[in-house]
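Below is one structure, written out as C-alpha cells, with a few remarks after it.
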2 protein chains.
Amino acid sequence: MGLSEAYPMKGGDGPHSYAKNSTLQGHVIEVAKEVMKETIAEKLDMGAFNCSKTINIADLGCSVGPNAFAAVETIIEAVRSKYGSESLSSQIPQFQVFFNDHVSNDFNLLFTSLPRDKQYYAAGVPGSFYERLFPEASLHLVHSSNSLHWLSRVPEEVTNKNSPAWNKGRIDCANSGEEVIRAYKAQRERDMEKFLQLRAQEVVNGGLMLLNFGFNPNGTHPSQCVSNLYLDLIGSSLMDLARKGRISEEKVDSFNLPIYFMTPKEMEAAVERNGCFSIERMETLPSRPRGNGGNQSLDHQMAAHVRAAMEDTITQRFGEDIMDEFLDLYRKKVREIFIPFIAKSAGDKGDSLLVVLKRKY
Amino acid sequence: MGLSEAYPMKGGDGPHSYAKNSTLQGHVIEVAKEVMKETIAEKLDMGAFNCSKTINIADLGCSVGPNAFAAVETIIEAVRSKYGSESLSSQIPQFQVFFNDHVSNDFNLLFTSLPRDKQYYAAGVPGSFYERLFPEASLHLVHSSNSLHWLSRVPEEVTNKNSPAWNKGRIDCANSGEEVIRAYKAQRERDMEKFLQLRAQEVVNGGLMLLNFGFNPNGTHPSQCVSNLYLDLIGSSLMDLARKGRISEEKVDSFNLPIYFMTPKEMEAAVERNGCFSIERMETLPSRPRGNGGNQSLDHQMAAHVRAAMEDTITQRFGEDIMDEFLDLYRKKVREIFIPFIAKSAGDKGDSLLVVLKRKY
C-alpha cells in the first residue's frame, strides 16, 4: 500500500478554520457520549487492563478541534466510574492519550489547545490509520469519530479515463454508474480489512474500539442517502462552475473524494472477515440537528462546514478565486435539493453509525 | 511553579531556520554517539525492561531538527546490539519514541521530517520538561541533548530594578555581580531538583538517562568560560545597539536569557540531593569543531546559529529591523573577542557535559 492521501481540514483557528466550524461533528459526539458511557460501563472488561498502571487511549483522526478532547474526556470519566463501581477506586490508573491524524494535520494548533485541566498525559501521533501507528498490544481503548468513512485513497480505476469505472463529472459515487460504486466499495473493503488487521495488532486482548462514522442505511442505493447527497452537492456545484467556464471540466473529472459510506451490513461483514474482534454494539446515532445551529440557517451552516473541511483541497485544485462563487452555488443547492430531501426522508435513520468492537482473547 | 517560559527555536525549514542551522549541535551528538553506544553496552541493565515488549524512549527538548532523530537512532542501535550480544536477538523489543519540546515548538515540521525508514513508533509530547510529561514508570531510556542548560524561567530578582541582583545591561550572568550569579545558580538548583524529581517518577527502576548540556568547568569563574562568552557577546551586541540609540537600553536591561551552565560538581551535588539516580558516567565531550563548518568562517557560522536560535526572541523584543545590524556586530565580536579567547583557552575542556544517570531500584 502506498502512502495514504491526506485531505487536511483547514488548520489554524481563524473564522473559517475547522476548529471553529466543527459543531456538526460536535453534536454527534454529544449524542455518542451517553452511548459510550453505557458501553464502557457494560462492556469494558477490567481483565484487559491486566493490572496496567497506565491505560492507553488512541483517538484516530482527531483533527484539531475540541471534539477529540471531549470524546476522550467522556471515555476517561466512564473508565473511572467503572473502577468506582467495582470498588477499585484506589486502583484508578493513569491515562495516556495518543491523538492521531495525518502528518499534514495542524498538530501545533492541537497541542496549544489541549485543555489546561486535562487528567491525562497527551501525545500526538502523526500518520494514516491505514498504517501501523502503535506498538503491539499497546492500546486499551481506541476511539474514532467521523473519520472512518475516509478511504486511504481514491480507487485507481475511478480516475482512469479508459476504465469503465471512470467517474466523469462527479466527485463521489452516489449518482455514478455501478462500476464506480463497485470500485469505491472494493477500496472500502481493502481499507477496512487493513484497518482491522492493524488495530488487531495494536489493541490488547479485551480492549475496546469505539468507532463512529458516516454510513448509508442497509438496502438503500447510495443516490438515495443523505450522506452521499451532502458530497454530491459539492460535486454538482463544481460542475456548475465548469459549465460556466469558471473552472476546467477536466479538473472536476479528475477530482474525486476518497469517501465511501459503508452500510451496517458491510461493516458486519468486514469485522467477520477479519475475525479478531467481536461486535459488542452497533447502532445509528440520531441525526444531527438540522437548521438549529445557533443563528445560522442550515445552508449557511453546511457551507461553513464544507469550507472548513474542504477549502484547502478545493482551492489547491481550482484556484482561490472561485471559493465564494462555489459556496453560493452550494448554499443554493442545499436550500433547493438537500432541505426538501431530508424533509421527506426518514430522519430517524441517522447520519452516523456507532460500532463498538472488542478485541477477542 | 508557573508555566515555564519558552524561547522557541526558529521553526519552518527556510534558510535561517533552526532545522538548517543546527550543525554545531549535530557535532556534539556525533561525538556523544560513541559514548552513548559504549554506555548502553556497559550500563544498560536488561532487568529494567522486565520483559517489556516495548521500550519507551523520550527525547527531551528535541526541537525540530534532525539531531534528535540521529540520537534516537544511535540509542536504538545500541539497545539492539545489547540484545544481540546477550544472545537475546529473538526477543528484540519494539521501540516507541516520544519527542518532547515546549508546546510552541514546531511539531508540524518535526512530524513531516521524521525519517521514512525509522525503526520505531513516533509520538510528540508537548510541554516543558520541568513539568510531568509521562505516566509513572513508563520510560526506559531518556535522552536530552543541548537543552538542560535552559532554566524554566529567568530568576525573578534579576529583572527587579530594586534587587541587588538586578542584571542591568546584560543578558546572562557571566560578567555580572555575584548576586546575579547567585540568583541564576539558585534557579538552576530549583529547576534541576524539579527535573530529577519528575524524571524519577517517570523512569522505570534501572532505566537510563543520557543527558548532555552546556556546562562550565569546575573552579572557573563564569566570566572565563567559553559557553558564557557565547551568550555574553549577544548581550554586548545588543548593548552596542542601545548605545547607538537603535534600541532602548531599558529593554536590554529587562531582557535576560534563562540559561545557566552548571559545573560538573554542581550537577553531582544535584543528583546526590535528589537521591533517586546513580551517576554511571560523567565526562566532557570534546569541543565542537571551530572554523571548519563547510565553507563558512566561524563568525558566520556562529551568527547563523544565533539567528536560528534567537531571531524570534530578539525581534519580538527589539523589532525586526535591527536583526542585520545586530548580526554584523555579533560577527565582529566573534572575530575580535571569541576567536582570540578560544585560541588561548584550554580547548580540551569541551562545551558539553555528558551525564549518564541510572534510576535506582
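In what follows, every chain begins at residue 1, and chains take the letters A, B, ... in the order their sequences are listed. Please read these numbers as outputs of a predicted model, since none were measured by experiment.
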Heavy-atom cut-off 4.5 Å, strictly under: side chain, backbone, both or neither for A/Phe98 against chain B? side chain

May I ask you to list the residues in residues 200-207 of chain B that approach chain A closer than 4.5 angstrom, counting heavy atoms only, ordered by number? none

Who wins among B/Pro135, B/Ala123, B/Pro93 for the most heavy-atom pairs under 4.5 Å with chain A? B/Pro135

Looking at CZ of B/Arg132 and OH of A/Tyr121, how far apart are the two atoms once the value is rounded to the nearest 0.5 Å? 3.5 Å

For each of A/Asn100, A/Leu114, A/Leu133, A/Asn108, tally heavy-atom pairs with chain B at distances under 4.5 Å, and name the one with the top tally. A/Asn108

List the atom of B/Ala122, the atom of A/Pro126, and the distance in Å for their closest heavy-atom pair. O-CD, 4.0 Å

Flag the one option from A/Phe99, A/Phe95, A/Tyr120, A/Phe107 with the top tally of heavy-atom pairs under 4.5 Å to chain B. A/Phe107

Tell me, yes or no, whether the heavy-atom count around B/Gln197 atom CD, taken from other residues, nucleotides or ligands under 6.0 Å, exceeds 12. yes

Got a sec, which residues hit ring pair (Phe, Tyr, Trp, His ring centres under 6.0 Å) with A/Phe318, two or more places apart in sequence or on another chain? A/Phe255

Residue A/Thr112 versus chain B: region with a heavy atom under 4.5 Å: both

Select one option (side chain, backbone, both, neither) describing which atoms of A/Gln94 are under 4.5 Å from chain B's heavy atoms. side chain

Just wondering, more than 12 heavy atoms not from A/Glu86 lying within 6.0 Å of its CD? yes

